[in-house]
Protein chains: 2
Amino acid sequence: MTSLARGLEVMGTLSQSDSELKMPEISKQTNLSRAVVRRCLYTLQELGYVESKPLGFRLLPKVLSLGQSYYGAKALPQIAQPFLEQVHLETGESCSLAILDGSEVIYIARSTSRRIMNVSLNIGSRLPAFCTSLGRALLAHLSPKELQNHLSKEKYRPLTANTITTISELTKAINQVAKDGYALVDQELEVGLRSLSVPVINQQGSVIAAMNVGVSASRISNARMLQNILPVLRNAGKLLGEQTSL
Amino acid sequence: MTSLARGLEVMGTLSQSDSELKMPEISKQTNLSRAVVRRCLYTLQELGYVESKPLGFRLLPKVLSLGQSYYGAKALPQIAQPFLEQVHLETGESCSLAILDGSEVIYIARSTSRRIMNVSLNIGSRLPAFCTSLGRALLAHLSPKELQNHLSKEKYRPLTANTITTISELTKAINQVAKDGYALVDQELEVGLRSLSVPVINQQGSVIAAMNVGVSASRISNARMLQNILPVLRNAGKLLGEQTSL
DNA sequence: TCATAATTGTTCGTTAAACGAACAGATTAA
DNA sequence: TTAATCTGTTCGTTTAACGAACAATTATGA
């Protein structure tokens with residue numbers, strides 16, 4: 001059903017943009033003809049998903065109600081929120097929960113501090129899995145075959161000087177995460193950003209999400225993260241996992 | 001573009017359901033033929049938005065990334081979260097932020113307590129505006145013409161014995177809210193649920209959202225809400241409004 | 001201010017994509 | 001095993017999406 005796919009592509013493009021987009025701009029980004037984009041936008045407008053403003057088109061809050069519930073979104077973030085806030089309170093740092101979708105992680109719940117540096121992160125945000133602690137914590141619990149499948153599909157650009165980009169090194173790092181039970185990633189995604197993650201394991205023993213604490217590299221050293229934050233994070237992740245059987 | 005609309009309808013149906021849905025079920029709920037539903041689901045599956053499970057189809061987390069950013073969703077919940085958590089801490093009650101979409105309110109940010117009664121509320125959730133404090137706080141700042149337009153479009157079923165359902169009484173209640181600067185709704189949505197809301201007004205003086213505290217009616221009286229919670233909520237709403245110029 | 005460009009909105013014959021009915025395979029229930 | 005239900009497939013028909021060309025509107029800039 002091509003027009004459904006195209007419409008969703010238009011929505012996706014709008015979703016990724018910070019500002020309103022004009023039709024030719026959307027047309028360019030999606031490689032769809034102007035007429036197609038026009039028809040999509042018209043339909044989406046009729047349905048209340050987008051709005052036409054002087055500066056272009058933008059999504060309306062109605063899109064939120066689509067994302068409201070994927071299977072489990074109802075339950076997990078709801079249950080997790082108090083744990084995230086607990087970690088936030090105890091450490092003073094922002095704490096998030098994420099799951100894996102293809103080669104990316106998606107944030108499904110957060111508790112953030114006021115002094116957050118990367119304001120653009122939000123529920124539903126995506127980041128590459130390979131260079132984030134959340135991603136590595138999640139990847140670490142795939143079978144070797146699945147892991148290689150994941151890793152071989154992607155091409156890895158270095159995002160900072162620290163970013164690991166070779167498959168062999170990545171495999172090594174991820175195996176280490178599996179052993180340790182946590183993932184510490186030091187400024188591989190962004191200079192100045194240090195992040196520690198643990199898997200959340202449910203009663204059946206499967207990894208259902210990963211929980212992390214992200215800090216400013218200048219404020220907290222790797223050693224202090226492992227000393228002060230890891231125990232708190234581990235405890236919260238464990239408690240959360242025990243509460244859910246999803 | 002009918003097939004886009006139909007696809008979104010299918011997504012919407014899946015989104016509202018608690019469990020997986022089979023094709024005939026979706027077909028019934030959407031009044032679309034099985035063949036159409038099949039094609040929609042096939043396309044959505046290809047795109048990674050839904051997944052076919054033994055028990056039926058369900059949405060995948062990818063839908064979250066659609067909802068990730070409507071214009072302002074990036075900014076406002078982000079800014080608001082600390083304020084919501086502050087209110088939550090000071091009052092011990094769950095605190096939410098919502099905006100108006102048609103005749104419904106949509107939650108865009110929350111800080112909840114562990115002992116939440118109504119677990120099904122989440123970011124992106126919708127409730128009727130007319131019988132919620134959030135809705136009334138938002139409706140109170142429409143122009144009289146817009147308000148009548150809104151009110152006249154809907155038919156009001158009583159959800160509890162307390163629910164106001166006549167347009168004249170609603171208008172009166174909403175005008176009172178405009179005067180008071182807060183909305184207190186006592187068990188009109190659900191027996192046992194009491195809710196207090198204030199508008200969030202930005203630097204330009206327009207209402208950009210409403211903030212509420214919801215409590216169990218058995219725990220906290222109306223008088224105590226106004227005495228203890230209203231000042232906290234008002235203060236937080238005011239501070240939040242001052243921070244944003246959206 | 002006017003002219004130019006850029007964006008949005010319309011129309012219409014063509015084409016392809018969506019349609020649905022009918023059938024076949026697979027899965028579940030009794 | 002037999003019904004019953006759900007999923008997947010095929011194919012001729014029809015409708016809805018297409019795109020090119022044109023018109024109207026709105027910005028941009030000299």
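Everything numeric in this text was worked out from a predicted model, so none of it was measured. What's counted below: heavy atoms across the whole structure, side chains too, no hydrogens, waters or symmetry copies. To find a chain, count down the sequence lines: A is the first, B the second, and so on, and within it residues start at 1.
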Rounded distance (Å) that lies between atom C1' of D:dA17 and atom CG of A:Leu41: 15 Å
Nearest-angstrom distance from the residue atom CG of A:Leu55 to P of D:dA27: 9 Å
Side-chain donor/acceptor of B:Tyr107 to backbone N/O of B:Leu127, under 3.5 Å: no
First of B:Arg39 and B:Met23 reached from the 5' end of DNA chain D, by closest nucleotide: B:Met23
Interatomic distance, B:Leu240 atom CG to B:Ile208 atom CD1 [nearest 0.5 angstrom]: 6.0 Å
Closest-nucleotide ordering on DNA chain C, the 5'-leading residue of A:Leu4 and A:Lys22: A:Lys22
A:Arg6 side-chain N/O to D:dC18 phosphate OP1/OP2 under 4.0 Å: yes
Any side-chain heavy-atom pair of A:Leu97 and A:Gln81 under 4.5 Å: no
N/O (side chain, B:Arg38) to phosphate O (OP1/OP2, D:dT7) under 4.0 Å: no
Side chain to side chain donor-acceptor pair (under 3.5 Å) evaluation trace for A:Gln29 with A:Thr13: CA-CA 7 Å; A:Gln29 287 192 35; A:Thr13 303; 4.8 Å; no
Close side-chain approach of B:Arg126 to A:Leu64, heavy-atom, < 4.5 Å: no
Minimum heavy-atom distance between B:Arg34 and B:Ser27, given as atom pair plus value: N-OG, 3.7 Å
Contact under 4.0 Å: B:Thr2 side-chain N or O vs D:dA17 OP1/OP2: yes
Contact under 4.0 Å: B:Arg34 side-chain N or O vs D:dG8 OP1/OP2: no
Span of DNA chain C, from the first to the last nucleotide whose atoms fall under 4.0 Å of chain B heavy atoms: C:dA18 to C:dG20
Nearest-nucleotide pick for B:Met1, side chain only, options being D:dA16, D:dT9, D:dC18: D:dC18
